[in-house]
Number of protein chains: 2
Amino acid sequence: MARSAGGEAAPQQAAPGQKAPRKPRADAARNRERVLEAAKAVFSAGGPEASLEAVARTAGVGIGTLYRHFPTREALFEAVYRREVDQLGDLAEQLKDDAAPVEALRRWLRANVELVATKKGMIAALALATTGSSDLYAHTFDRLTKAIGLLLGRAVAAGEIRADVSAEDILRTLVGMCYLHEQPGWQASVVRLVDIFVDGLCRPALTR
Amino acid sequence: MARSAGGEAAPQQAAPGQKAPRKPRADAARNRERVLEAAKAVFSAGGPEASLEAVARTAGVGIGTLYRHFPTREALFEAVYRREVDQLGDLAEQLKDDAAPVEALRRWLRANVELVATKKGMIAALALATTGSSDLYAHTFDRLTKAIGLLLGRAVAAGEIRADVSAEDILRTLVGMCYLHEQPGWQASVVRLVDIFVDGLCRPALTR
DNA sequence: GATTATATGGAGGATCCCTCCGTTTTGCAA
DNA sequence: TTGCAAAACGGAGGGATCCTCCATATAATC
């Protein structure tokens with residue numbers, strides 16, 4: 001399977017027990033990154049059935065290299081998807097410090113909508129990816145829930161948003177809203193819905 | 001596999017202006033039906049990437065025949081999907097006369113869950129199909145909404161179900177519930193949710 | 001039965017999938 | 001720096017799939 005070859009600055013763990021593994025090669029990491037970038041572009045444009053050879057070509061890498069890093073098409077999907085999700089997580093981290101609480105949440109939600117919009121072709125691919133691997137699904141759910149929780153908690157703590165909504169509720173709402181991403185004009189509609197939803201969050205719970 | 005030959009009685013419209021079009025050939029209709037049946041089976045088992053040549057083989061038909069009836073993979077998906085949706089519509093029609101109002105609705109909803117379960121492989125294919133064609137989506141939404149409306153209206157009229165829920169609400173709920181069809185044990189969970197939901201429908205609206 | 005529009009099936013060129021292996025690059029030690 | 005071996009690279013190639021094209025077969029009509 002796809003070993004997580006440390007893309008980030010290699011932590012350089014010294015395996016205490018046995019052998020000292022050689023430091024991972026630089027070109028390997030570089031090429032892995034290139035393939036991921038190319039895959040994102042190619043799948044976005046051509047949908048999930050796009051040719052893997054086209055991906056390798058775009059990445060400027062031999063087909064063999066692609067297959068060594070990602071033994072199956074699904075593995076490649078999964079890696080691209082994980083990356084995308086992680087970036088959303090990072091964005092939350094960033095917005096937490098940058099913007100006013102409610103505004104931060106609003107922006108993050110909009111970024112999600114945008115992602116669905118730009119990566120039209122990817123979406124179908126992702127559907128396939130999540131169908132295959134359920135810990136990918138778990139990871140996604142976890143990461144996004146935490147991202148929302150981060151922004152939501154801050155806004156609640158600041159008293160700017162009602163307290164009776166969970167991060168899961170918001171995630172589900174978002175996913176549900178985007179589920180209709182086939183019909184024309186959906187994006188404007190969803191952005192509007194998101195805004196309304198955020199506005200609604202700002203009011204205290206109605207009497208019930 | 002002896003298919004009952006004449007599906008619908010051919011309407012035989014006489015084009016008034018120009019030429020009298022010849023009656024469509026019987027083998028064409030028969031083969032088309034065979035291919036659809038085979039496609040359902042093959043895609044269910046092998047997912048959306050299954051070989052079209054395998055479909056043709058299963059149908060006992062040449063590959064050329066398959067391509068004439070369905071010029072693209074998507075066209076085939078779409079046809080299979082439409083058929084499935086129409087069958088759900090027909091089921092509603094049937095349940096309307098057969099069972100007690102609430103029970104009829106409950107059964108129809110469960111049939112939906114079952115369809116998602118059995119046709120696991122198909123689901124991904126359908127995601128692709130709906131992504132491609134938006135009038136397919138419209139047709140689906142329309143047909144299913146009407147099916148629910150049929151069963152719902154009867155139950156409401158009989159005073160067995162609260163009146164402040166729309167068919168769209170129910171469809172959305174159902175879709176949302178099935179959206180999680182990746183994790184293990186989802187089906188039991190969704191069936192339970194559906195039952196609870198139907199139970200809930202039977203109570204009058206809570207004070208608000 | 002003859003005619004003809006229509007449907008059929010499968011050969012075949014192009015493409016894609018994925019494995020295998022000889023060559024090249026990189027990290028490490030001397 | 002130089003040398004060496006582990007690790008990564010690239011792409012050839014066998015097999016499978018896609019989809020077109022057309023000679024042949026067949027149903028509908030005369």
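A note on names: the letters A, B, ... follow the listed sequences, proteins ahead of strands, and every chain is numbered from 1.
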Colleague: Return a table of donor-acceptor pairs under 3.5 angstrom between the side chains of residues 94-109 of chain B and protein atoms on other chains or two or more places apart.
Modeller:
| unit_1 | atom_1 | unit_2 | atom_2 | d |
| --- | --- | --- | --- | --- |
| B/R106 | NH1 | B/D195 | OD1 | 3.2 |
| B/R106 | NH2 | B/D199 | OD1 | 3.3 |
| B/W108 | NE1 | B/L88 | O | 3.0 |

Colleague: If you compare every side-chain N and O of A/T65 against the phosphate oxygens of D/dA8 (OP1, OP2), does one of them come in below 4.0 Å?
Modeller: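 False: A/T65 side-chain N/O out of range (4.0 Å or more) of D/dA8 OP1/OP2.
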Colleague: Does B/H69 place a side-chain N or O at less than 4.0 Å from the phosphate oxygens OP1/OP2 of C/dA7?
Modeller: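 Checking B/H69 against C/dA7: no side-chain N or O falls below 4.0 Å of OP1 or OP2.
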Colleague: With sequence neighbours left out, what residues match A/A157 under side-chain contact (heavy atoms from CB on, under 4.5 Å)?
Modeller: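 side-chain contact (heavy atoms from CB on, under 4.5 Å) check on A/A157 returns nothing, list empty.
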Colleague: Taking only residues two or more places apart in sequence, or in another chain, which ones meet B/E84 in a salt bridge (Lys or Arg N to Asp or Glu O under 4.0 Å)?
Modeller: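 Once residues adjacent in sequence are excluded, the partners of B/E84 under the salt bridge (Lys or Arg N to Asp or Glu O under 4.0 Å) criterion are B/K119.
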Colleague: Just the rounded figure in Å: distance from P of C/dT8 to CZ of B/R25.
Modeller: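 The answer, rounded to whole Å, is 7 Å.
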Colleague: Distance check needed: C/dA7 C1' versus B/D27 CG, whole Å only.
Modeller: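 After rounding, the gap between these two atoms is 6 Å.
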Colleague: Separation of A/R68 atom CZ from D/dA7 atom C1', in whole Å?
Modeller: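 Whole-Å distance recorded here is 9 Å.
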Colleague: Without placing hydrogens or testing angles, list every side-chain donor-acceptor pair under 3.5 Å for residues 141-152 of chain B, not counting sequence neighbours.
Modeller:
| unit_1 | atom_1 | unit_2 | atom_2 | d |
| --- | --- | --- | --- | --- |
| B/D142 | OD1 | B/K146 | NZ | 3.4 |
| B/D142 | OD2 | B/K146 | NZ | 3.3 |
| B/R143 | NH1 | B/D86 | OD1 | 2.8 |
| B/R143 | NH2 | B/D90 | OD1 | 3.2 |
| B/T145 | OG1 | B/F141 | O | 2.6 |

Colleague: Give one of base, sugar-phosphate or nothing for A/A26, where a contact means two heavy atoms less than 4.0 Å apart.
Modeller: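 Sugar-phosphate contact only.
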Colleague: To the nearest Å, how far apart are A/R32 CZ and D/dA8 P?
Modeller: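 Result: 12 Å.
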Colleague: Strictly distance-based, threshold 3.5 Å: is any side-chain N or O of A/T65 a donor or acceptor partner for the main-chain N or O of A/V61?
Modeller: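 Flag not set: sc A/T65 to bb A/V61 has no pair under 3.5 Å.
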Colleague: For nucleotides 14-17 of chain C, give me every protein contact, N/O to N/O, under 3.5 Å, one pair per line with atom names.
Modeller:
| unit_1 | atom_1 | unit_2 | atom_2 | d |
| --- | --- | --- | --- | --- |
| C/dC17 | OP1 | A/R73 | NH2 | 2.4 |
| C/dC17 | OP2 | A/L52 | N | 3.1 |

Colleague: Could you state the atom-to-atom distance from CG of B/L66 to C1' of D/dT17 in whole Å?
Modeller: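 My rounded result for the distance is 13 Å.
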Colleague: Which residues pass the salt bridge (Lys or Arg N to Asp or Glu O under 4.0 Å) test with B/R25, not counting sequence neighbours?
Modeller: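 Result, salt bridge (Lys or Arg N to Asp or Glu O under 4.0 Å) vs B/R25: B/D27.
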Colleague: Between atom NZ in B/K23 and atom P in D/dT26, what is the gap in whole Å?
Modeller: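 After rounding, the reported distance stands at 19 Å.
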Colleague: Just the rounded figure in Å: distance from P of C/dT24 to CG of A/N31.
Modeller: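 For the pair A/N31 CG and C/dT24 P, the rounded distance is 17 Å.
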